[in-house]
Amino acid sequence: MNNKKYYPWIVVALLWGVALLNYMDRQMLSTMKSAMMIDITELESATNFGRLMAVFLWIYGLMSPVAGMIADRINRKWLIVGSLFVWSFVTLMMGYSTDFNQIYILRAIMGVSEALYIPAGLSLITDYHQEKTRSLAVGIHMTGLYTGQALGGFGATIAGAYSWETTFHWFGIIGIAYSLVLILFLKEKKDHTVARLDSEPGPKESPVKAAIKGMGMLFVNISFWIILLYFATSSLPGWATKNWLPTLFSENLSIDMSEAGPLSTFTIAISSFIGVIAGGILSDKWIQRNVRGRIYTGSIGLALTIPALLLLGFGDSFAMIVGGGLCFGIGFGIFDANNMPILCQFVSPRYRATAYGIMNMTGVFAGAIITKLLGESTDAGNLGHDFAMMAGLVFVALVVEVIFLRPKTVNMTDK
């Protein structure tokens with residue numbers, strides 16, 4: 001485990017497991033509604049279930065910038081371990097819940113604890129991996145999220161074989177056990193630059209003032225605003241596919257949701273897996289020849305989502321719909337693998353977790369907005385049309401990214 005040559009990849013492997021649990025534990029609830037409402041009758045109400053899902057998103061989004069600030073100021077290993085332990089304990093306790101209020105409070109706590117992971121995890125990976133492996137490392141880590149999302153869909157299957165309480169119990173126990181594995185094998189990067197001012201000359205500043213100063217430095221960075229714009233814009237179709245693609249498959253292909261659900265989920269999961277690996281390898285090679293290599297690679301990914309959205313929205317055959325899903329997954333995967341690496345070209349290690357936390361918040365809030373709008377669109381019979389219209393927004397974001405994002409270095413430093 002002390003081999004310096006291979007340890008950066010051991011970090012990716014360890015955090016891949018955390019990423020899987022992160023998405024799997026949050027997704028399980030959505031699939032187990034039918035099993036749970038037998039014992040918790042409040043869940044029979046779609047309004048109550050919507051509140052339960054929404055509280056996680058809003059708290060997760062609001063906590064993301066705070067999580068980034070914390071990750072920039074403390075030992076990230078212990079933040080990741082603590083985050084995993086808490087949300088796994090919450091998952092365990094959900095199995096003991098007997099009423100709606102208990103589930104609601106636990107879901108809110110999960111939003112806080114899960115938000116603490118992503119900025120810290122990606123920041124740690126990008127510290128261990130430089131320009132030659134950074135995008136591939138981030139891409140491999142992202143496959144853990146995709147895998148967790150897909151496995152979370154089997155929550156209902158396990159609940160049917162055993163019970164929903166047992167399902168929550170065992171996955172909570174697995175997460176708690178895995179946090180012990182991280183204690184033993186995960187290590188903070190020794191030369192990690194901590195964004196705290198007690199290491200700088202002059203009078204010490206409070207954590208609040210230090211955080212405000214860090215936010216100020218980000219918000220006067222024009223490149224960060226551009227990154228924020230294209231990340232938020234691309235999050236619209238990203239969340240749309242997570243929440244509405246099964247419905248779109250069902251409507252456009254005239255098939256039952258029992259078929260549309262697995263077909264759409266696996267189409268996106270498999271193609272996204274291909275996309276993040278391909279995008280990571282291409283970006284890591286391109287950046288060694290051209291300082292804008294990651295920008296161009298991410299742009300290729302975004303460009304692929306444009307025809308994909310048109311096919312998904314207007315297609316009426318199996319080949320068009322599934323082809324659109326495959327194209328979208330590959331393109332979004334390429335884009336996904338390069339977000340944090342691109343950020344590293346404009347933001348120093350001191351503020352990267354904070355920056356990604358802000359990006360994560362804008363992405364989640366964009367997802368909440370588009371999920372609501374597409375719900376109204378579905379009721380009006382315009383889901384396919386409005387899905388396709390998102391291609392125009394992505395095109396604008398793509399043009400802005402290519403024209404205005406001009407990094408001067410492959411890796412911004414504090415020097």
Side-chain angles (χ1 to χ4, degrees), residues 1-22 63-89 112-142 144-145 175-200 204-205 207 210-211 213-214 218 339-341 343-344 347-360 411-415:
M1 287 294 175
N2 293 322
N3 192 311
K4 293 182 179 180
K5 181 179 179 181
Y6 297 108
Y7 190 72
W9 291 110
I10 293 172
V11 170
V12 174
L14 289 169
L15 295 186
W16 189 91
V18 183
L20 183 150
L21 291 168
N22 186 276
M63 270 299 300
S64 289
V66 178
M69 293 177 201
I70 294 171
D72 278 331
R73 285 162 179 78
I74 69 173
N75 186 298
R76 293 167 298 187
K77 168 186 173 173
W78 294 109
L79 181 60
I80 291 168
V81 170
S83 173
L84 172 60
F85 180 88
V86 171
W87 89 61
S88 297
F89 184 74
V112 175
S113 56
E114 289 211 355
L116 292 170
Y117 170 64
I118 290 292
L122 288 178
S123 173
L124 187 59
I125 288 172
T126 54
D127 270 5
Y128 270 106
H129 291 265
Q130 299 304 313
E131 61 270 14
K132 291 184 178 181
T133 58
R134 181 170 281 165
S135 285
L136 179 59
V138 170
I140 291 173
H141 174 265
M142 298 306 288
L145 300 178
I176 291 171
Y178 196 69
S179 68
L180 300 178
V181 173
L182 296 185
I183 291 174
L184 293 174
F185 300 116
L186 185 64
K187 299 175 183 177
E188 176 62 274
K189 190 79 159 59
K190 287 185 178 180
D191 57 353
H192 170 48
T193 304
V194 180
R196 60 181 179 217
L197 300 183
D198 58 353
S199 61
E200 297 179 355
K204 296 179 182 179
E205 295 186 37
K213 180 176 180 179
L218 288 173
N339 290 323
M340 188 61 165
L343 185 69
C344 292
V347 177
S348 78
R350 192 176 291 259
Y351 301 111
R352 281 176 190 165
T354 299
Y356 196 86
I358 296 170
M359 289 168 61
N360 208 26
N411 183 48
M412 181 69 73
T413 66
D414 291 307
K415 297 180 182 179

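- In this structure, Trp87 CH2 and Ile176 CD1 are separated by 12.0 Å, a value rounded to the nearest 0.5 Å.
- Scanning both residues, Leu15 and Gly121, for their nearest heavy atoms gives CD1-O, 3.7 Å.
- Residue Leu79 forms a side-chain contact (heavy atoms from CB on, under 4.5 Å) with just one option from Leu116, Leu84, Leu124, and that option is Leu116.
- Considering every non-hydrogen atom in both Asn360 and Ser64, the closest pair reads ND2-OG, 3.4 Å.
- Here Thr133 pairs with His129 under the side chain to side chain donor-acceptor pair (under 3.5 Å) rule; sequence neighbours left out.
- To the nearest 0.5 angstrom, Leu182 atom CG is 7.5 Å from Ile80 atom CD1.
- Note that SG of Cys344 and CG of Asp127 are 8.0 Å apart. Values are rounded to the nearest 0.5 Å.
- Remark: Tyr178 pairs with no residue by the ring-ring contact (aromatic ring centres under 6.0 Å, His included) rule, at least two apart or across chains.
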Exercise for the section: Kindly determine whether Met69 and Thr354 satisfy side-chain contact (heavy atoms from CB on, under 4.5 Å), including the steps that lead there. Expected result: CA-CA 5 Å; Met69 293 177 201; Thr354 299; 3.8 Å; yes

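- Taken from CG in Asn75 to NZ in Lys189, the straight-line distance is 13.5 Å, to the nearest 0.5 Å.
- Taking all atoms of both residues into account, the shortest heavy-atom contact from Ala353 to Pro119 is O-CB, 3.5 Å.
- Taking the side chain as every heavy atom from C-beta outward, Leu145 and Met142 approach each other to under 4.5 Å.
- Using a cut-off of 4.0 Å between Lys/Arg side-chain N and Asp/Glu carboxylate O, Arg76 and Glu188 are scored as salt-bridged.
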Practice task
Go through the steps to decide whether Ile140 and Leu136 satisfy the test side-chain contact (heavy atoms from CB on, under 4.5 Å), and finish with yes or no.
Solution key: CA-CA 6 Å; Ile140 291 173; Leu136 179 59; 4.0 Å; yes

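- More than 12 heavy atoms of other residues, nucleotides or ligands shown are found within 6.0 angstrom of OH on Tyr128.
- Rounding to the nearest 0.5 Å gives a distance of 5.5 Å between CE of Met340 and CG of Leu122.
- Of the inter-residue distances, the one linking Tyr356 atom OH with Ile118 atom CD1 reads 6.5 Å to the nearest 0.5 angstrom.
- In this structure, Leu21 and Glu114 approach most closely via the heavy-atom pair O-OE2, 4.4 Å.
- Considering all non-hydrogen atoms of both residues, Tyr117 and His141 come closest at OH-NE2, 2.7 Å.
- In this view, Pro341 and Arg134, Ser135, Val138, Arg294 satisfy the side chain to side chain contact (heavy atoms under 4.5 Å, CB included) rule, not counting sequence neighbours.
- When every heavy atom of Val86 is checked against every heavy atom of Ser113, the shortest pair comes out as CG1-CB, 3.6 Å.
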